[in-house]
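The structure appears below as structure tokens.
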Amino acid sequence: MSEIAATTTFRTWMCVVCGFVYDEAQGLPEEGIGPGTRWEDVPDTWTCPDCGATKDDFEMMPL
């Protein structure tokens with residue numbers, strides 16, 4: 001892991017529809033989104049794997 005990645009805080013985003021949490025540190029490898037993928041780098045066409053909500057239905061969780 002690079003020094004920058006080690007000191008960078010990853011955020012989590014929660015679906016306001018169903019409560020699914022996207023963790024930037026973990027990504028979603030089963031959906032082709034690798035660990036460390038920032039929320040802004042997740043494709044705009046991506047939808048919640050649990051309920052199908054769009055990225056607009058996610059809110060950043062407090063650190």
#### Entry: Donor-acceptor pair, side chain of Lys55 and main chain of Cys48, under 3.5 angstrom
no
### Task
Take Val42 and Tyr22, measure what side-chain contact (heavy atoms from CB on, under 4.5 Å) needs, and give me the verdict at the end.
CA-CA 10 Å; Val42 173; Tyr22 173 75; 3.8 Å; yes
### Task
Would you indicate whether Glu59, at its atom CD, is surrounded by more than 12 heavy atoms from other residues, nucleotides or ligands within a distance under 6.0 Å?
no
### Task
Considering non-hydrogen atoms only, spot the tightest contact between Trp13 and Glu24 and give its length.
NE1-OE2, 3.6 Å
### Message
Suppose we screen for side-chain contact (heavy atoms from CB on, under 4.5 Å). Which residues come up paired with Gln26, at least two apart in sequence or across chains?
### Response
Asp23
### Query
Cluster question for you: counting only ILVMFWY and a side-chain heavy-atom cut-off of under 4.5 Å, with indirect links fine, are Met60 and Phe58 together?
yes
### Message
So, using side-chain contact (heavy atoms from CB on, under 4.5 Å) as the criterion, who are the partners of Val17 when residues are at least two apart?
### Response
Cys15, Cys51, Ala53, Asp57
### Summary
Students should find that the hydrophobic cluster of Met61, defined by side-chain heavy atoms under 4.5 Å apart, otherwise consists of Met14, Val21
### Task
Hey, could you give me each pair passing side-chain hydrogen bond (donor to acceptor under 3.5 Å, both in side chains) that has a residue in residues 39-51? Not counting sequence neighbours.
Arg11-Glu40, Glu31-Trp46
